[in-house]
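First up is the structure itself, then whatever we jot down about it.
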Amino acid sequence: MLELDNLTKSFGGLQAVDNCSLKIASGRITGLIGPNGAGKTTIFNMIAGAMMPTSGRILFQGEDITGLPTHQMFHRGIVRTFQIPHEFGKLTVLENLMVVPADQTGEKLFLGLFSPGAVKRREAEVRKLAEETLEFLTLNHLRDELAENLSGGQKKLLELGRTMMTDAKLVLLDEPGAGVNPTLLKQLGNMIRRLKDERGYTFCIVEHDMDMIASLCDPVIVLNEGKVLTEGKMEDVRRNERVLDAYLGGGEEAA
Amino acid sequence: MDQLYGYFLYGLSLLTFGGIYAMLTLGLNIQLGFTGLFNAGIAGFFVVGAYVSAILSTAESERHLGGFDWPIPASLVAAMLVSAVIGWAVARISIRLRADYLAIATLGIAEILRLTFKNETDLTNGARGVSYIPKPYENMPEPWNQILMAAVVLAIVAVLYFLLERARKSPWGRVMSAIRENEGSARAAGKDVDRLRVQAFVVGAAMMGLGGGMMAHYLKFIDPNAADPTTATFLVFVMLIVGGSGNNKGAILGAILMWTIWSATEIFTSMLPGDLAIRSAYVRVFLIGLMLQIMLQKFPDGLLPEKRLQSSDSR
């Protein structure tokens, strides 16, 4: 579904991503792990169009999408969440969801003002979808609360919820489990699995919680210093000596 | 009786000035209140609107460009359009700047516009300004001319309010607030943030141009001092923040309230003996600044805070 071809991103002298090539297969939950600074978030930013690669290509469903702006990536079906929740703080929870869908008639100023019928019809659809999403997220009781007043975990749920308001094909989750308590973590994992099965989303997850990765992801891609170290099932990756070295800082490469 | 009549006329002037300022605060509310754009160049769009409407509607004069003799409504529309076009050009080059940098850029552009009007003497009569600008209903007997002037201004404000409330409650208003709250997330939700920000900036600039045009017709005179940032930018900011940024009612309330305070303090300072009266003008500016400071610390959301639509509200 998505292919990175010799992707490189350098910040000054630092090669955050260094000739990285990998593939994300359709219909799977791919885990992207690696020690801090391995280039995971940078790769996300480039796929989502928030950062321009220094060189290399990004192919999505066979098409070259390298360097397209974020909103165009979205319209092609690539949706991302953020490591630190990026809620719209002074909008209500319901509005946070309703703002997301594409093709909103009422977002055109003229139509918003002078075509109430068409706007209302589309709003009703969007609202129905938002209400279903709130139900799914178990946030229904907070629909009129300002998003800035939610707890950290609830914001994480809302972050996932925004991806459900789209016709996403590929969903990039940047540390969905960071700062989330174990119960909610389990719940989040179940939601992600359900979204894969029920909606056919392909997921790519960056995560530091290895239990979450082990229970959700197949395959797992390990990055280190901007390169792919290895790829495989979690149980195999776990035993890989180079992976252990990278995480523990040993080995000749890190010297 | 005469005194009462005087108060009545004064009240009308407060409403007229307050209403014209409300056009500016409503315009700023679209930019800052809805979309989070820190436009510190209100004075620039205001003065463009004022000059465009003045020059198009005045009779021929050898002091400045003119002789078009347009009817006032047409020249006001032109004022809005020209301000909008300039707003578009400004936005195109500066809209990607982060909050305070946008403020610096727009402040500079407003100053460029002011100096242009001051120095292009063939076009604008320079520092001596454009006079004999037609005023609506000026041939009516007093007090009807004043009453009708105030009524026209307030009617325009009412129409703007009606439209902007609709816009605020529509998905357009929602996406603008989303951009204000979190630009990155709005982009990740597929919104063409740059295009939408330009749009908000242009609509706001057009309303500032309208306010400028109305002011020129009301005062019958315009000179480059109208673009003084104290009264044309700073005061407008204070009005919106006191009234409630993001709230259209608040924008109008803030404009009329702050104009009343601004104007009424002059009554008291003018009673002071000569030298003090001149100095006290600066105290007024200081007091307005102090008020802003207190509002921001104690009531940062203003007198009428922004309200979000609840799920039970009809849309």
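Worth knowing before you read on, the calculation uses all heavy atoms, side chains too, and leaves out hydrogens, waters and symmetry mates. Chain identifiers are assigned alphabetically (A, B, ...) following the order of the sequence lines, protein sequences preceding nucleic acid strands; residue numbering begins at 1 within each chain.
Within a 6.0 Å radius of CZ in B/R92, other residues, nucleotides and ligands contribute 12 heavy atoms or fewer. Heavy atoms of other residues, nucleotides or ligands lying less than 6.0 angstrom from CD1 of A/I84 number 12 at most. Remark: A/F11 CZ is packed, more than 12 non-hydrogen atoms of other residues, nucleotides or ligands lying under 6.0 Å away.
Taking 4.5 Å as the limit, every side-chain heavy atom of A/T105 sits out of range of all side-chain heavy atoms of B/P171.
The existence of a salt bridge linking A/E107 and B/K191 is confirmed by a sub-4.0 Å separation between a basic side-chain nitrogen and an acidic carboxylate oxygen. Salt bridge B/K169/A/E123: absent, no basic N to carboxylate O contact under 4.0 Å. A salt bridge is defined here as a Lys NZ or Arg NE, NH1 or NH2 lying under 4.0 Å from an Asp or Glu carboxylate O, and A/E95 with B/R308 meets this definition.
In terms of heavy-atom pairs under 4.5 angstrom with chain B, the leader among A/V100, A/D144, A/T70 is A/D144.
The CG atom of B/L309 sits 9.0 Å away from the CE atom of A/M98 when rounded to the nearest 0.5 Å. Here CZ of B/R174 is found 8.0 Å from CG of A/L94. Values are rounded to the nearest 0.5 Å. Rounding to the nearest 0.5 Å places NZ of A/K90 at 6.5 Å from CG of B/D301. Annotation: the span from A/L109 atom CG to B/L163 atom CG amounts to 9.0 Å, rounded to 0.5 Å. Once rounded to the nearest 0.5 Å, the distance linking NE2 of A/H86 with CZ of B/R187 reads 11.5 Å.
Applying the side-chain hydrogen bond (donor to acceptor under 3.5 Å, both in side chains) test to A/R143 and every residue at least two apart in sequence or in another chain returns A/E131, A/N140, B/S311.
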Would you sort out whether A/E87 and B/E181 count as a side-chain contact (heavy atoms from CB on, under 4.5 Å), showing the intermediate values?
CA-CA 8 Å; A/E87 77 284 356; B/E181 288 302 310; over 6 Å; no
Show your working on side-chain contact (heavy atoms from CB on, under 4.5 Å) between A/F82 and B/N182 and close with a plain yes or no.
CA-CA 12 Å; A/F82 294 89; B/N182 199 316; 5.9 Å; no
Quick one, B/S185 with A/F88, criterion side-chain contact (heavy atoms from CB on, under 4.5 Å). Give me CA distance, side-chain angles, the key distance, then yes/no.
CA-CA 8 Å; B/S185 201; A/F88 303 115; 3.7 Å; yes
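Taking every heavy atom of both residues into account, A/V99 and B/V175 meet most closely at CG2-CA, 3.7 Å. Pairing each heavy atom of A/L113 with each of B/A167, the nearest pair is CD2-N, 3.7 Å. Minimum heavy-atom separation, B/G190 to A/H75: O-NE2, 3.0 Å. The minimum heavy-atom distance between B/S170 and A/G112, with the atom names listed, is CB-O, 4.1 Å.
Heavy atoms of A/P69 lying under 4.5 Å from chain B are absent altogether. With a 4.5 angstrom heavy-atom cutoff, B/V193 does not touch chain A via any of its atoms.
Of all residues spanning residues 145-177 of chain A, those with a heavy atom less than 4.5 Å away from chain B's heavy atoms are A/L146, A/R162, arranged by number.
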